[in-house]
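Structure first, commentary second.
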Amino acid sequence: MTLMDVLVDFARTGRIGPLHCGMPLTQAEDLLGPGRPHPAIRMRPHIDGYHHAWNGLELSITQRLVSGISISLRPGSTTKLPPLVLPDSESYPSTVLREDLIAGLDAVGCRHDINNRLTFGEPSSILTQPAHVCAVFFTPGRDNHVPHRERLYLGVIHKHTA
C-alpha cells in the first residue's frame, strides 16, 4: 500500500481503514494507540472540537466521538502516519501534486468538484462525491523543498461531520 492508495481510498470512501467519523474516541485509540491530545484537551478533558494527533493523522473529537479525520502533508519533506493507516512505513515522502491525486481519483471513478469555499487566489480545493472529503492544495512555501515551485501540492485532506 502506498500513500497515494491511502489518500485515494480516503477521498473515495471517507474512511481510513476502520477509522470513520462517528466512531468513539476510545475505539480509535484502541486501533491507533494513545494520541497526542491538543493542549486544550489536557486542561479540560471533555472540551469539544479539538484534535488528537498521531503524527500526520489528526482526529477531531466532539462529545468523545470522532467528528473529523485529516491527513496533513508538508511538500518536500517526509511525514509519519500510524501503521494502521500506512502499513510497513514509518515515514514517507509527503509531496503529492494536485494532478497526481486528481489522476488517482479519476482512475477509481471518484467524482470530485471544485470546492468554491476553499478555492481563491493560490489555494485550490476539491470536494469528493459521495464521501464529501476535502483536499486542499497550495503552492509551496519557501521552506518546502520541491522541484516545481509553481505547481500545486496537497497540504491537507480531511473529512468532517456536519
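Owing to the predicted nature of the structure, the values given are computational and were not obtained by experimental measurement. Because only heavy atoms are used, hydrogens play no part in the values below, and waters and symmetry mates are left out as well, while side chains stay in.
- Checked against salt bridge (Lys or Arg N to Asp or Glu O under 4.0 Å), Glu29 has no partners two or more places apart in sequence or in another chain.
- A distance of 5.0 Å separates CG in Leu105 from SG in Cys110, rounded to the nearest 0.5 Å.
- Here CG of Leu84 is found 9.0 Å from CD1 of Ile16. Values are rounded to the nearest 0.5 Å.
- Of the N and O atoms on the side chains of Thr79 and Arg74, not one donor lies less than 3.5 Å from an acceptor on the other residue.
- Taking every heavy atom of both residues into account, Ala135 and Leu101 meet most closely at CB-CD2, 4.0 Å.
- The minimum heavy-atom distance between Met1 and Val6, with the atom names listed, is SD-CG2, 3.5 Å.
- Hydrophobic clustering (side-chain heavy atoms under 4.5 Å, transitive across Ile, Leu, Val, Met, Phe, Trp, Tyr) groups Leu19 together with Leu25.
- Without hydrogens or angle criteria, Asp5 side chain to Thr2 main chain gives a donor-acceptor distance under 3.5 Å.
- Nearest heavy-atom pair, Tyr153 versus Pro75, reported as atom, atom and distance to 0.1 Å: CB-CG, 3.4 Å.
- Hydrophobic clustering (side-chain heavy atoms under 4.5 Å, transitive across Ile, Leu, Val, Met, Phe, Trp, Tyr) keeps Ile157 apart from Leu97.
- Here the closest heavy-atom approach between residue Thr128 and residue Ala11 is recorded as OG1-O, 2.7 Å.
- We find the CD-NE2 distance between Gln27 and His20 to be 5.5 Å, quoted to the nearest 0.5 Å.
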(request) Verify side chain to side chain donor-acceptor pair (under 3.5 Å) between Ser124 and Arg98, making sure each step is shown before the conclusion. (result) CA-CA 9 Å; Ser124 169; Arg98 181 183 191 279; 3.2 Å; yes

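- Contact of the Leu32 side chain with the His52 side chain is not registered, since no non-hydrogen atoms from C-beta on lie closer than 4.5 Å.
- No donor-acceptor distance shorter than 3.5 angstrom exists from the side chain of Ser125 to the backbone of Asn115, with no hydrogens or angles considered.
- For the pair Arg111 and Asp113, the salt-bridge criterion is met [side-chain N within less than 4.0 Å of a carboxylate O].
- Within the model, atoms OG of Ser60 and CD of Glu58 stand 7.0 Å from one another, a figure rounded to the nearest 0.5 Å.
- The line from CG of Leu152 to CG of Asp100 is 12.0 Å long, rounded to the nearest 0.5 Å.
- Remark: Leu86 CG to Leu57 CG distance equals 11.0 Å, nearest 0.5 Å.
- Linking Ile, Leu, Val, Met, Phe, Trp and Tyr residues whenever their side-chain heavy atoms come within less than 4.5 Å leaves Leu127 and Phe137 in two separate clusters.
- No chain of hydrophobic side-chain contacts below 4.5 Å, direct or via other Ile, Leu, Val, Met, Phe, Trp or Tyr residues, connects Leu65 to Leu31.
- Applying the side-chain contact (heavy atoms from CB on, under 4.5 Å) rule to Cys21 yields the partners Ile69, Lys159, Thr161; only residues at least two apart in sequence or on another chain are considered.
- Linking Ile, Leu, Val, Met, Phe, Trp and Tyr whenever their side-chain heavy atoms come within less than 4.5 Å puts Met23 and Ile71 in one cluster.
- Listed here is the closest heavy atom pair of Gly33 and Trp54: O-NE1, 2.8 Å.
- Ser72 approaches Val156 most closely through the heavy-atom pair OG-CG2, 3.9 Å.
- In this structure, the side chains of His158 and Val133 stay at 4.5 Å or more apart for every pair of heavy atoms.
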(message) side chain to side chain contact (heavy atoms under 4.5 Å, CB included) for Met4 and Val96? Distances and angles first, verdict last.
(response) CA-CA 8 Å; Met4 186 62 73; Val96 177; 3.8 Å; yes

